[in-house]
Visitor: 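The structure follows.
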Protein chains: 2
Amino acid sequence: MLEIRHLKTLIAIQESGNVSSAARRVHLTQSAISHQIKALETHYGLPLLERKGRSYGLTDAGKRLAELGKTIFSEIRRAERDLSGMHENQSGSMRIALECHTCFDWLMPVMDAFRKAWPEVEVDLVSGFHSDPVSLLDDRADIVILSDALKREGISYHPLFKFEMLAVLPIDHRLKAKRFLLPEDFAEETLISYPVPDERIDLMREVLIPSGIRPPRRTAELTVAILQLVASRRGIAALPSWGLSNYLEHDYVIARRIGRKGLWSGLYAAMIREMSDHPYMADFLSLLKENCFSKLKGVVPI
Amino acid sequence: MLEIRHLKTLIAIQESGNVSSAARRVHLTQSAISHQIKALETHYGLPLLERKGRSYGLTDAGKRLAELGKTIFSEIRRAERDLSGMHENQSGSMRIALECHTCFDWLMPVMDAFRKAWPEVEVDLVSGFHSDPVSLLDDRADIVILSDALKREGISYHPLFKFEMLAVLPIDHRLKAKRFLLPEDFAEETLISYPVPDERIDLMREVLIPSGIRPPRRTAELTVAILQLVASRRGIAALPSWGLSNYLEHDYVIARRIGRKGLWSGLYAAMIREMSDHPYMADFLSLLKENCFSKLKGVVPI
DNA sequence: GTCCGATTATGAATGAAATTCATGAATTGA
DNA sequence: TCAATTCATGAATTTCATTCATAATCGGAC
């Protein structure tokens, strides 16, 4: 009766807080999830979801099953790693290139976990950015984390997640009363960003350039440095929501939506198609996804 | 990809030593098992079964997955017990009646495990035998372990396993050269058995009475006592193969097949249909089955 | 209050995929 | 060598999870 897929679903619900986005996460329709849960509930004769108006969470029983799921998945991964160890190909290289500066923040723990699991694989971060990041796969990198998936033959793209870019303002900024910012609002501000060309900045490419607005820019290498500049009123920035929660909670800065619907961006992992068969690559990908969804607030599956 | 059912299958193969009987165990055809294993093998790119002529077992990879299965199932059972604990009905009674004397031997560990898991349930062994054991369910027992499944309305029967009854002889018996015994062979022997009427002895009911042979009988309450009497040449007995392996290995007695095809008997658990819904009953049943197949040699699913 | 948007529930239809069926090949024991 | 087992495999079938279509529910905006 109980199947792996049920546990996957429950965990997705727990982590995303509602059925619809859990459905997206496990690549099913909302209907499928509802049916699954209902089947489980009638089987165990216990409610698994708490449907109290807006707040929608797992009951104790649901939580217990989600917990079961987590231990089971970690057991499965351990076993599958052991299996991979019985293969020949357990050594190799993994050069990771990042298009997105902020990604350093969550990539580190993933890399650590990976190194533990695959001590024979040589992991490297490829620094230096490129106008066509995919071309790095030709010689300099084995996997590229990038935000635009321009398909190219022979390259496989693995969607990681979607997230919102928020405008970051000092706490007492003149725009703080607005619920969301419009392109005009940026006209008189200095935009603080990573040191990359305009077209590599989502806010510029998607919002400001189309509106003909070109605010002065100032750059910093590290996310914390950008935030510090914002906090000290040197300008405003646009950063992924998931990198911000800590600073927002401590009232270091404030964040506002960009445009009525928000400015959304997606992250993908790209690699030479043949590479994705390598067990260690598959494992890295699953570590990657798992980590995003369980650790990063506000990320949504693509 | 990997699913619960695969793990069930692998464990069944490991415990039964070949695909066909594993198939019976999981209530599938042999073909289904083959397909399943093949799918797993191509997915992991590793062989899971060792097909070396006669000896047919799991490879290291297969063993690793079977191990994974076992830990997963024990996790699942733990979780499901916790879920049952969230129910109201966690107390109750469980009076077990046995038709088969030898069953005491393997029932004890099951009862112990059960008592640990369901401390609130009062477990009792109902002693005293009955010509119609099912009728015990009317008032004196909640579950009956019996060897013949005469269906009765409102009673649910749960097949446990099938096993062979072997004739047990002293090591230097005159019949020791025979590969199997025929009814005539019993004519001059004393039959040592549990103290129950002729019709309750499989050997009598199925073999000797139909052949008009009525050897003298002598009885003992305990299996060890019967074996002792046999070893000291007071007669021969017929006992389930799974209760014998210890004694055979130590050359305390020898065992021979009864009839060319052997004398087979089946064991069932019967209970009032409504009872089988109770979570603790379901749990007891699964403990029961699990225990039979993993601990008893030579038992086959029905 | 009610209209709208978002979210969940549910029955029926669909479709993918697991299972069975029908064989063939391989091995063993008589 | 012949029957009897056991496993493998491609095709047919059946099962059952998922999707589709739609209703119900709920909260917030006006």
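None of these values were measured; they are calculated from a predicted model. Protein chains get the first letters and strands the later ones, always in sequence-line order, with residue 1 at the start of each.
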Visitor: I need the CD1-P distance between Ile13(B) and dT6(D), as an integer number of Å.
Guide: 14 Å
Visitor: Whole angstroms only, please: what is the CD1-P distance between Ile37(B) and dA18(C)?
Guide: 13 Å
Visitor: Counting primed atoms plus P, OP1 and OP2 as sugar-phosphate and everything else as base, spell out the protein contacts along nucleotides 8-20 of chain D at 4.0 Å heavy-atom distance: B, S or - for each nucleotide, 5' to 3'.
Guide: BBBB-----SSBB
Visitor: State, yes or no, whether a side-chain contact exists between Ile258(B) and Leu166(B) at a heavy-atom distance under 4.5 Å.
Guide: no
Visitor: How are the rings of Trp106(B) and Trp242(B) set to each other: parallel, tilted or perpendicular (split at 30° and 60°)?
Guide: perpendicular
Visitor: How long is the line joining CG of Asn18(A) and C1' of dA9(C), in whole Å?
Guide: 15 Å
Visitor: From NZ of Lys261(B) over to P of dA3(D), roughly how many Å is that when rounded to an integer?
Guide: 15 Å
Visitor: Please round to the nearest 0.5 Å and tell me the distance separating atom OG of Ser147(A) and atom CH2 of Trp264(A).
Guide: 15.0 Å
Visitor: For the CG atom of Leu287(A) and the SG atom of Cys292(A), what is their distance to the nearest 0.5 Å?
Guide: 10.5 Å
Visitor: Which pairs with one or both residues in residues 31-49 of chain A pass side chain to side chain donor-acceptor pair (under 3.5 Å), sequence neighbours excluded?
Guide: Thr9(A)-Gln36(A), Gln30(A)-Ser34(A), Glu41(A)-Arg51(A), Tyr44(A)-Glu80(B)
Visitor: Any side chain to side chain donor-acceptor pair (under 3.5 Å) pairs touching residues 281-292 of chain B, not counting sequence neighbours?
Guide: Arg77(B)-Glu290(B), Arg81(B)-Asp283(B), Trp118(B)-Asp283(B)
Visitor: Could you state the CE-P distance from Met1(B) to dA17(C), rounded to the nearest angstrom?
Guide: 11 Å
